[in-house]
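Since the structure comes first, as structure tokens, the remarks are kept for the end.
Every value quoted in this text rests on a predicted model; they were computed, and no experiment measured them.
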Amino acid sequence: MGETPRLPGLALAEADWLVAAALRVGAESEFPPLAVAVVDVTGSVIVLRRADGGMPMTSRIAVAKARTALLTLRASGVVELPGAITGSIQHLYGGDFVPYAGGVLVTENGVILGAAGASGAHAKEDDLAVRTAVEQWHEDRSHLA
């Protein structure tokens with residue numbers, strides 16, 4: 001039997017790095033406790049962590065925001081659709097469509113590697129935490145070692 005093939009995209013260590021970085025940004029910025037998720041290119045969860053004191057529902061919302069970024073090929077907060085269409089898409093994807101800030105794509109050289117999502121603070125704060133983590137991930141390539 002041959003080696004099991006691996007999907008292109010983020011490795012576990014990279015997803016861990018991104019989640020830890022986003023949680024650190026949230027804590028340092030004194031945001032309410034965040035949940036942060038990183039998903040692969042299929043939308044499957046690689047890593048999901050919720051800060052102590054975070055509301056349980058924030059975990060599912062963080063995953064949904066990351067999946068929304070994948071589904072729309074853009075940050076979840078820039079999706080603008082009429083309510084009826086949003087409701088239909090939410091139904092179609094079993095609630096995993098949340099067009100609010102906090103879900104961002106993780107890319108390299110224009111190729112999508114996965115997505116990160118956060119929930120627990122205001123949507124713009126969720127977005128700042130994951131966006132900053134992704135920017136730091138691009139700057140600090142030691143996570144690839």
Side-chain angles (χ1 to χ4, degrees), residues 6-145:
R6 180 184 172 289
L7 282 171
L10 298 166
L12 176 60
E14 294 172 301
D16 275 333
W17 194 100
L18 285 162
V19 168
L23 288 171
R24 185 173 51 254
V25 169
E28 290 172 356
S29 301
E30 298 184 1
F31 296 161
L34 297 178
V36 180
V38 172
V39 300
D40 66 16
V41 295
T42 71
S44 296
V45 175
I46 302 171
V47 177
L48 170 61
R49 292 178 59 199
R50 187 179 72 233
D52 292 341
M55 293 180 286
M57 70 178 173
T58 60
S59 297
R60 289 189 67 175
I61 296 169
V63 171
K65 286 181 177 182
R67 287 178 177 158
T68 299
L70 280 177
L71 291 170
T72 61
L73 305 177
R74 64 192 68 218
S76 60
V78 299
V79 177
E80 293 184 24
L81 298 169
I85 292 173
T86 298
S88 296
I89 296 170
Q90 286 172 329
H91 178 74
L92 181 66
Y93 286 99
D96 274 346
F97 183 78
V98 178
Y100 295 98
V104 298
L105 294 172
V106 180
T107 64
E108 189 164 52
N109 299 322
V111 176
I112 296 170
L113 305 177
S119 180
H122 292 288
K124 289 185 184 212
E125 294 169 335
D126 297 340
D127 190 73
L128 178 64
V130 289
R131 195 173 296 279
T132 301
V134 170
E135 289 170 4
Q136 291 173 351
W137 180 82
H138 280 287
E139 292 168 6
D140 179 8
R141 303 309 283 176
S142 66
H143 55 82
L144 295 175

If you take all heavy atoms of [X] and [Y], which pair is closest and at what distance?
X: G26; Y: A129; value: N-CB, 4.5 Å
X: A64; Y: G95; value: CB-O, 4.1 Å
X: P32; Y: G120; value: CB-O, 3.5 Å
X: A62; Y: A35; value: CB-O, 3.5 Å
X: V41; Y: P8; value: CG2-O, 3.9 Å
X: V130; Y: G102; value: CG2-O, 3.5 Å

Measure the shortest side-chain to side-chain distance between [X] and [Y] over non-hydrogen atoms and say whether it is less than 4.5 angstrom.
X: V106; Y: I112; answer: no
X: P99; Y: T86; answer: yes
X: L34; Y: L23; answer: yes
X: V79; Y: F97; answer: yes
X: Q136; Y: W17; answer: yes
X: M55; Y: S119; answer: no

Quickly, which of L10, D16, V39 forms a side-chain contact (heavy atoms from CB on, under 4.5 Å) with V47? Name it, please.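 Between V47 and the candidates, side-chain contact (heavy atoms from CB on, under 4.5 Å) is satisfied uniquely by D16.
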Of V134, L113, L70, the residue whose pairing with L105 passes side-chain contact (heavy atoms from CB on, under 4.5 Å):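 Single pass found, and it is L70.
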Hey, does the side chain of H122 reach the backbone of F31 with a donor-acceptor pair shorter than 3.5 angstrom?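 Flag not set: sc H122 to bb F31 has no pair under 3.5 Å.
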Donor-acceptor under 3.5 Å (S76 side chain, Y100 main chain):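 Yes, the answer is positive, given that a donor and an acceptor are paired below the 3.5 Å cut-off.
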Taking only residues at least two apart or on different chains, which pairs with a member in residues 111-129 satisfy salt bridge (charged side-chain N to carboxylate O under 4.0 Å, His left out)?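 Of all non-adjacent pairs touching residues 111-129, those that pass salt bridge (charged side-chain N to carboxylate O under 4.0 Å, His left out) are K65-D126, D127-R131.
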What salt bridge (charged side-chain N to carboxylate O under 4.0 Å, His left out) pairs are there with at least one residue in residues 67-77, not counting sequence neighbours?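 Listed once each, the pairs are R67-D96.
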By side chain to side chain donor-acceptor pair (under 3.5 Å) - contacts of T72 (at least two apart):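 Scan of T72 (side chain to side chain donor-acceptor pair (under 3.5 Å), adjacent residues dropped) gives none.
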S44: what forms a side chain to side chain donor-acceptor pair (under 3.5 Å) with it, not counting sequence neighbours?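 Listed in chain order: T42.
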With sequence neighbours excluded, tell me which residues meet salt bridge (charged side-chain N to carboxylate O under 4.0 Å, His left out) with D40.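 Once residues adjacent in sequence are excluded, D40 has no partner under the salt bridge (charged side-chain N to carboxylate O under 4.0 Å, His left out) criterion.
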For L48, side-chain contact (heavy atoms from CB on, under 4.5 Å) partners two or more places apart: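 Residues passing side-chain contact (heavy atoms from CB on, under 4.5 Å) with L48: A37, V45, S59, V63.
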When rounded to the nearest 0.5 angstrom, what is the spacing between CD in E14 and CG in L12?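 Between E14 CD and L12 CG, I get 9.5 Å after rounding to 0.5 Å.
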